[in-house]
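Lettering follows sequence order; numbering is per chain, from 1.
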There are 2 protein chains.
Amino acid sequence: MQKYSKQTRLLLAVDCIIFGFDGEILKILLIKRDFEPEKGNWSLMGGFVQPNESVDQAANRVLMQLTNLQGVYLEQLYTFGSTKRDPLERTVSVSYFALIDINKYETQLSKDYHADWFPLKRVPKLIFDQQEMVEAAKKRIRYKAALHPILFELLPEKFTLPQLQVLYENVFNTSMDKRNFSKRVLATGLLIKLEDKDKTGSKRGAFYYHLNKQSYYIKFQSFINIIPNPDTLLF
Amino acid sequence: MQKYSKQTRLLLAVDCIIFGFDGEILKILLIKRDFEPEKGNWSLMGGFVQPNESVDQAANRVLMQLTNLQGVYLEQLYTFGSTKRDPLERTVSVSYFALIDINKYETQLSKDYHADWFPLKRVPKLIFDQQEMVEAAKKRIRYKAALHPILFELLPEKFTLPQLQVLYENVFNTSMDKRNFSKRVLATGLLIKLEDKDKTGSKRGAFYYHLNKQSYYIKFQSFINIIPNPDTLLF
DNA sequence: ATTTTTAAGTGTTATTTTAACAATTAAAAA
DNA sequence: TTTTTAATTGTTAAAATAACACTTAAAAAT
């Protein structure tokens, strides 16, 4: 089925930067590459785009292979297309980033893929130009999270305000005033307070909240101001 | 040079959404496609990625072919990868958007490529999924312009505040108070007032300004608030 | 039983930012 | 000299933001 007969065809890959939050710090999921070149080295989860699937489907497939999770937040990040990025053969890669609830991730899968979670500040050396991909993903997640409520995708169904604040502080590498933070967050109208508490973090316990899915979908595209001074923090 | 021997290779293309501003409205530059399929129909300027060039280089090449302009603002937009987007053969396309000073565009080139400028509100039917690309570009340019001073790329070296305001009003499809607009714009510190005036628009004439390149590069990544209520306007 | 400890939860205020609003002026044309 | 037209400029009320500290719930320690 080659109709544009004089054109050269290339390999096309997808790579996923998979973020998770363990309650303390933001991490990404890496695997040990199981084929040459760079076999045995740390790598993003990726794969080649197949003839019968869209690029988005390829990203979803690859994400699914490693996490076995449905309905994960997955967004196209950037297409990396320099000629020498894969030394073996010219390959263009479309990168995606995913935000998953780390609690839903089954540890068994890590064994199958020799995968592991790495704190963003201690990412090992990665193959090819994947370091650049991770940097782009970090930048994008900040950018997006400054404007849209995507970070909830990293939390379990039920979460507390202190947990949410730690997440924001982590992503923006800053510390925030808890009074102002709670006002901003609650002012979005995205949260519903539950009656039970999380007692693991303190004696008093912190009330659980969950997302108001309705408001979430409606307001997702609106700019949400949870971050103070976003311009000073973003770059 | 096929080393990942079992993988399928695909055609990879780039497509450029080229924006220009004529002082009144925002336009995009389209060409009449000169090969099959869809020969003779309106299309974005595009081309296949060649083996010896990066994807970015391909986009630049294609942009250069049509505009003969150097140093144009060009940014990767999104990669379109559905399986059936090109009916003749599976082709993934990386879209880019460019912002050019329409005055620098030589009309002669339009003849060579049977190209023409179309107001954004009167874009003709486009081939394949290019309508989607244009929509994505419109969305992105708004998003980006709400936060970063990219719209200056559409203006000539010297421009007046009323011209700039018309451009912003056009991009955001709104009208703004000129007192507040000028305050916001001048508060960015990006503009330098010149001594001469543009007399074409009014009897009194409006002072020319030009970009302070230093501040521009420094502040480019900062959030710039020129748009009032960006959240209500963006989507 | 009482006290201590620890993190959760909550309000006020000064400052800054934003948005709404109209009169004056420069310069050509009449 | 007057008229016309668009450019230029400032004030103020309202809203948003950022800075700041005490009270409370509940377990742990005494």
Between atom [atom1] in [X] and atom [atom2] in [N], what is the gap in whole Å?
| X | N | atom1 | atom2 | value |
| --- | --- | --- | --- | --- |
| A:K193 | C:dG9 | NZ | P | 7 Å |
| B:K203 | C:dA30 | NZ | P | 7 Å |
| A:D198 | D:dA27 | CG | C1' | 14 Å |
| A:L191 | C:dA8 | CG | C1' | 16 Å |
| B:M176 | C:dT18 | CE | P | 14 Å |
| B:N180 | D:dT8 | CG | P | 16 Å |
| B:L186 | D:dT8 | CG | C1' | 11 Å |
| A:K199 | C:dT6 | NZ | P | 18 Å |

G-U wobble or Watson-Crick pairing nucleotide for C:dA30 (cut-off 3.5 Å, both distances):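 Base partner found: D:dT1.
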
query: Would you say the side chains of B:S93 and B:D15 form a donor-acceptor pair under 3.5 Å?
result: yes

query: With distance as the sole criterion, is a donor-acceptor pair present between the side chains of A:D56 and A:Y96 under 3.5 Å?
result: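 Per modelled atom types, A:D56 and A:Y96 side chains form a pair under 3.5 Å.
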
message: For C:dT25, does the base pair up with any side-chain atom of B:R204 as donor and acceptor (N or O, under 3.5 Å, distance only)?
response: yes

- prompt: DNA chain C: A:K183 or B:K183, which has the more 5' nearest nucleotide?
  reply: A:K183

Nearest-nucleotide comparison on DNA chain D, the residue closer to the 5′ end among B:R179 and A:S202: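 Closest to the 5' end, via its nearest nucleotide, is B:R179.
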
- request: Kindly state each residue pair satisfying ring pair (Phe, Tyr, Trp, His ring centres under 6.0 Å) with at least one member in residues 185-208 of chain B, sequence neighbours excluded.
  value: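 Ring pair (Phe, Tyr, Trp, His ring centres under 6.0 Å) check on residues 185-208 of chain B returns no pairs.
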
query: Among C:dG9, D:dT8, C:dT6, which is the nearest nucleotide to the side chain of A:K178?
result: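 It is C:dG9.
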
query: Is the backbone N or O of B:M176 less than 3.5 Å from a side-chain atom of B:Q165, with the two atoms forming a donor-acceptor pair by type?
result: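 Such a contact is found between B:Q165 side chain and B:M176 backbone.
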
